Amino acid sequence: MAGRLMHAVQYEGYGGGAAGLKHVEVPVPTPSKGEVLLKLEATSINPIDWKIQKGMLRPLLPRKLPCIPTTDVAGEVVEIGSGVKNFKPGDKVVAMLSALTGGGFSEYGVASENLTVPRPPEVSAAEGASLPVAALTAHMALTQPIGLKLDKSGPHKNILVTAASGGVGHYAVQLAKLGNAHVTATCGARNIDFVKSLGADEVLDYNTPEGAALTSPSGKKYDGVVHCAPAIPWSVFEPNLGSSGKVVDITPGPSAMWTFAVKKLTFSKKRLVPLLLIPKGENLQYVVDLVKEGKLKSVVDSKFPLSKAEDAWAKSIDGHATGKIIVEP
């Protein structure tokens, strides 16, 4: 593939939102050792993608500009780098591209073999591309800080999921139910039936006083919170938590980091835990298998062709998608 050009969408500087995206022709990348080159069939947008464009993670990300955004993809292996043992050209896969370089808004992308897993025919490209960041964040939040056993082998827990109709939230509700938890969820009024259909036991409209207070209608105290919504002060969570309740903040800001530090210093059993996703291939395989078995649904809000990538970007920034937004080359 060396020397061939492909269509891609990139941004050349910080800021600009959807208007900052440019359609370009760039060389098809070449897989290095331990990497696979994929012909991309779908990519999904995560809020972290446009937050990087806004400059919220500078100077860490992006590693260089211009940047072709998005990391979560499904596609077909077309070439393998040296040392790749588990894949061959023609294999259908789900992969997470490097967060340092992105690359999903294009016709081809390079993925590490370690974060690439087979995509069975029961899982569509859009369903597979929805999974990596969102489902792995939900999985990590529930299984690590909160300690929920998804095989139902552990103690029963009461879980709260905020912004439960979004990308991470809709997976967190389903995974928590797989772990036999009692799930309370918050969302906007228009998504209440949708969140109930995912298995939530109680759903709060965040625009009501009860929803804003995060109070369980059945009076339950939460053992764990998967917090996917914009900033909610610790003072709102604290009275709703069980004696050792943990709030896992998937988008921690400065105030969250301060609360985390204070709670740690005071040896409080109620904790706020900032979450930094550490993706693992075996966990990606686990969630893909759950979708294959019909135990986990990837809900697709909308699909856009790569030629309309800026419309998908704007929709994600708007923040009212139900499930995942997909772009297809």
Side-chain angles (χ1 to χ4, degrees), residues 6-26 40 42-74 96-109 126 129-134 137 162-163 165-170 187-188 190-191 206-207 227-232 249-256 275-277 298-329:
M6 65 176 183
H7 176 208
V9 176
Q10 66 184 26
Y11 55 86
E12 290 160 4
Y14 293 110
L21 297 179
K22 301 281 183 285
H23 292 262
V24 293
E25 297 286 317
V26 295
L40 301 182
T43 185
S44 72
I45 302 173
N46 295 291
I48 190 68
D49 298 321
W50 47 262
K51 288 177 181 177
I52 292 170
Q53 182 201 27
K54 282 175 85 169
M56 291 168 76
L57 290 176
R58 67 204 292 188
L60 300 175
L61 296 174
R63 193 167 66 180
K64 63 183 195 309
L65 291 166
C67 174
I68 299 171
T70 78
T71 57
D72 295 6
V73 300
M96 184 173 168
L97 309 182
S98 166
L100 294 174
T101 53
F105 268 11
S106 57
E107 293 179 283
Y108 294 87
S130 296
L131 289 166
V133 163
T137 297
T162 63
S165 58
V168 176
H170 93 286
C187 62
R190 70 186 179 93
N191 284 318
Y206 60 70
N207 287 315
H227 179 36
C228 312
I232 295 174
D249 193 340
I250 68 161
T251 55
S255 68
L275 187 77
L276 177 67
L277 174 63
S298 282
V299 176
V300 173
D301 174 273
S302 46
K303 293 181 182 178
F304 296 82
L306 187 60
S307 60
K308 295 263 189 346
E310 54 272 39
D311 294 345
W313 200 250
K315 177 148 198 183
S316 180
I317 292 171
D318 180 54
H320 290 101
T322 301
K324 298 285 296 182
I325 299 168
I326 298 292
V327 173
E328 297 173 322

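No experiment lies behind these values; they were computed from the predicted model shown.
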Which heavy atom of V9 sits nearest a heavy atom of I68, and at what distance? O-CG2, 3.5 Å

Starting at CE of M96, measure out to CG of L277 and round the result to the nearest 0.5 Å. 5.5 Å

Contacts of T137 meeting side-chain hydrogen bond (donor to acceptor under 3.5 Å, both in side chains) (sequence neighbours excluded), chain-then-number -> none

Verify side chain to side chain contact (heavy atoms under 4.5 Å, CB included) between K324 and V299, making sure each step is shown before the conclusion. CA-CA 6 Å; K324 298 285 296 182; V299 176; over 6 Å; no

G17 backbone acceptor or donor facing Q53 side chain under 3.5 Å: yes

Side chain to side chain contact (heavy atoms under 4.5 Å, CB included) against I317, all qualifying residues, sequence neighbours excluded: W50, W313

Heavy atoms of K315 and F304 approach each other most closely as CD-CZ, 4.2 Å

Side-chain heavy atoms of M6 within contact of V26, under 4.5 Å: yes

Rounded to the nearest 0.5 Å, how far apart are CD1 of I325 and CG of N46? 10.0 Å

In short, S298 meets S130 closest at the heavy-atom pair OG-CB, 3.9 Å

L97 side, atom CG; T70 side, atom OG1 - distance, nearest 0.5 Å: 6.5 Å

Pairing residues for H23 by the ring-ring contact (aromatic ring centres under 6.0 Å, His included) criterion, not counting sequence neighbours: H7

Shortest non-hydrogen contact from S44 toward D49: O-OD2, 4.1 Å

Might you point out which heavy atoms bring V168 and C228 nearest each other, and give the distance in Å? CG1-SG, 3.8 Å

Whether D72 side chain and V133 backbone form a donor-acceptor pair below 3.5 Å: yes

Between T71 and V73, is a side chain to side chain contact (heavy atoms under 4.5 Å, CB included) present by the stated rule, with each step listed? CA-CA 6 Å; T71 57; V73 300; over 6 Å; no

Rounded to the nearest 0.5 angstrom, the NE2-CG distance for H320 and N191 is 9.5 Å

So which heavy atom on Y14 is nearest to which on G55, and how close? CD2-CA, 3.5 Å

Looking at S165, is its backbone amide N or carbonyl O close enough to the side chain of T322 to form a donor-acceptor pair, meaning the two atoms are under 3.5 Å apart? no

Are more than 12 heavy atoms, taken from residues, nucleotides or ligands other than K54, located less than 6.0 Å from that residue's NZ atom? no

Residues in side chain to side chain contact (heavy atoms under 4.5 Å, CB included) contact with S98, at least two apart in sequence or another chain: L100, T101

Sequence neighbours excluded, which residues qualify as ring-ring contact (aromatic ring centres under 6.0 Å, His included) partners of H227? F237

Those residues that, when tested against K303, pass side chain to side chain contact (heavy atoms under 4.5 Å, CB included) (two or more places apart): A126, V300, I326, E328

